[in-house]
Trainee: 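To start, I am sharing the structure in question, which I have written as structure tokens.
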Amino acid sequence: MGFHITDMQLNVLFQTWQTNYHIYAPRNFSGGGRFSDTDCIRYGKIEHADEIVFDKKSDYSFKEVLTPVSQTLFFFTEGQTKEADFPQKGAVIFLRSCDLYALKRLDDMYLHNSPADYYYQHLRDNIKIVLMGCEHSFENCFCVSMGTNVSTKYDMSIDRQPDGTYLVDCKDEAWVKQLVQAGCEQQEVIPAHVTENQVTVQVPENLTAEVAKSTMWEEYNSRCINCGRCNFVCPTCTCFTMQDLFYSENGKVGERRRIWASCMVDGFTDVAGGGSYRKKNGERMRFKLLHKVLDYKQRNGYHMCVGCGRCDDICPEYISFSGCINKLQSAMTEVTEQ
């Protein structure tokens, strides 16, 4: 059901939500940008509607709400273990369409890749989704090419209007009842979405693993500095490692944490005996890109990449992931004509 609501009415709704949920949305963090005296837009807890950044793309994705950068799984002593406490409240998360599709990718990997991840599932079962409409495409976005520009699987959508009011399409029955009781004006609402981007990509129809033999990857041996930023901002990168933090000198008391990892950084492919795979940065770029647009689709039927463009935004060497995708056709021609 669609509604036209004011800022005050939305904040009243927020107060109701906060009884059972924390609210997460892209917000501005002053001085936290990548360059001197710049701000950073990333996900954080909010209490009021005016904290939400609607007119800019978040530098980081929503995934740290469901997969924290560092997550304590359990505590241990010499004789027993204790599971870490989960948040007492659920979460309402404001997402754009591309990130809502990214959530489906996270579900694939954590829930449907059997067995389901216990920690992710507990958090996932207690969230509500608010879709943030996109009136226009942001820099480096290519969601239209990836088919992630329109989404309908949300609990509520929201579009901020020039006069500071909001148009919402609500599917949650409890929320609909609250909006009706608040006297919100009812009207038909279709969430705003983009129909074209400045950036377009074309994944070759004939793409196969043979493209790994192309010389295109050699360029990234020198250009890429294996910082891993592209992985950390990506909403569909899910790799992690385990870390034991010891409280005692004998190493028998402490906690185990799950920590984000990156296929682009040193040490990711280290194995027992001192071996290490994909030592060159070009090999790591090849692994990452083909995971996003080849082997994941072979398993699930659609691409892992959702076209948010954050990897292009944050790369300190100005490497374009979308540009790399568009090089695959000539790379396939190269390897098939050998």
Side-chain angles (χ1 to χ4, degrees), residues 1-7 9-11 13-14 16-17 21-27 41-46 48-66 90-108 123-138 141-144 146-162 164-179 184 186-197 235-236 302 305-310:
M1 184 177 293
F3 295 91
H4 182 207
I5 67 177
T6 66
D7 188 71
Q9 290 170 329
L10 182 58
N11 282 321
L13 186 62
F14 276 16
T16 304
W17 289 353
Y21 299 96
H22 294 297
I23 305 174
Y24 293 91
R27 53 171 296 185
I41 301 172
R42 66 186 304 169
Y43 275 77
K45 291 181 184 179
I46 64 164
H48 305 286
D50 58 7
E51 296 179 78
I52 305 174
V53 177
F54 282 94
D55 59 347
K56 297 178 182 179
K57 177 172 60 175
S58 63
D59 297 306
Y60 294 83
S61 79
F62 71 96
K63 71 179 180 183
E64 57 188 296
V65 178
L66 294 174
V92 175
I93 311 177
F94 283 67
L95 303 177
R96 298 193 185 276
S97 180
C98 59
D99 281 342
L100 189 44
Y101 277 92
L103 179 61
K104 177 177 175 59
R105 274 67 171 167
L106 296 185
D107 289 348
D108 285 340
L123 298 176
R124 180 68 174 87
D125 289 343
N126 294 283
I127 69 170
K128 296 283 189 178
I129 300 300
V130 178
L131 173 68
M132 301 174 66
C134 294
E135 291 187 357
H136 59 83
S137 178
F138 297 102
C141 292
F142 53 100
C143 58
V144 177
M146 306 309 293
T148 61
N149 55 314
V150 180
S151 182
T152 59
K153 295 182 179 181
Y154 51 80
D155 296 292
M156 190 178 88
S157 72
I158 186 167
D159 295 308
R160 184 177 174 85
Q161 303 303 294
T165 60
Y166 303 89
L167 294 179
V168 302
D169 177 40
C170 192
K171 298 182 179 182
D172 185 283
E173 294 182 1
W175 293 357
V176 168
K177 185 177 180 179
Q178 292 168 19
L179 291 169
C184 298
Q186 297 185 29
Q187 69 176 70
E188 183 179 356
V189 174
I190 299 176
H193 64 274
V194 298
T195 57
E196 60 180 359
N197 305 123
T236 64
Y302 44 84
C305 176
V306 295
C308 70
R310 292 187 178 97

Trainee: Got V144 and V194 here, is their nearest side-chain heavy-atom distance under 4.5 Å?
Mentor: yes

Trainee: May I ask you to decide if the ring planes of F94 and F14 are parallel, tilted or perpendicular, using 30° and 60° as cut-offs?
Mentor: perpendicular

Trainee: Quick one: NZ on K57 to CZ on F138, what's the gap to the nearest 0.5 Å?
Mentor: 8.0 Å

Trainee: Would you compute the distance between atom CD of E188 and atom CG of L167 and round it to the nearest 0.5 angstrom?
Mentor: 11.5 Å

Trainee: Would the distance check show the side chain of D155 and the main-chain N or O of I129 forming a donor-acceptor pair, the cut-off being under 3.5 Å?
Mentor: yes

Trainee: Among S61, C141, P235, whose side chain to side chain contact (heavy atoms under 4.5 Å, CB included) with V306 holds?
Mentor: P235

Trainee: What I want to check is whether the side chains of S137 and N197 have a donor and an acceptor closer together than 3.5 Å.
Mentor: yes

Trainee: Going by distance alone, is a donor N or O of one side chain under 3.5 Å from an acceptor N or O of the other, for S58 and R310?
Mentor: yes

Trainee: State whether the number of non-hydrogen atoms from other residues, nucleotides or ligands found under 6.0 Å of Q161 atom CD is greater than 12.
Mentor: yes

Trainee: Between K128 and D172, does any NZ, NE, NH1 or NH2 come within less than 4.0 Å of an OD or OE carboxylate oxygen?
Mentor: yes

Trainee: Side chains of Y166 and D7: any donor to acceptor distance under 3.5 Å?
Mentor: yes

Trainee: Can you name the residues that form a salt bridge (Lys or Arg N to Asp or Glu O under 4.0 Å) with R160, not counting sequence neighbours?
Mentor: none

Trainee: Is a side-chain donor-acceptor pair under 3.5 Å present for S97 with H193?
Mentor: no

Trainee: Using the six-membered ring wherever Trp is involved, compare the ring planes of F62 and Y43 and label them parallel, tilted or perpendicular (cut-offs 30° and 60°).
Mentor: perpendicular

Trainee: Set out, in order, the CA-CA distance, both residues' side-chain angles and the distance that settles side chain to side chain contact (heavy atoms under 4.5 Å, CB included) for V189 and F3, then state yes or no.
Mentor: CA-CA 7 Å; V189 174; F3 295 91; over 6 Å; no

Trainee: Will you find, in the side chains of Y302 and D108, an N or O donor that is under 3.5 Å from an N or O acceptor?
Mentor: yes

Trainee: Which heavy atom of L131 sits nearest a heavy atom of S151, and at what distance?
Mentor: CD2-O, 3.7 Å

Trainee: Quick one: list whatever passes salt bridge (Lys or Arg N to Asp or Glu O under 4.0 Å) with D107, sequence neighbours left out.
Mentor: R124

Trainee: Is there a side-chain contact between L179 and V168, using heavy atoms and a 4.5 Å cut-off?
Mentor: yes

Trainee: Which residue, Q178, K171, K177, forms the side chain to side chain contact (heavy atoms under 4.5 Å, CB included) with W175?
Mentor: Q178

Trainee: Return the SG to OH distance between C170 and Y154, rounded to the nearest 0.5 Å.
Mentor: 9.5 Å

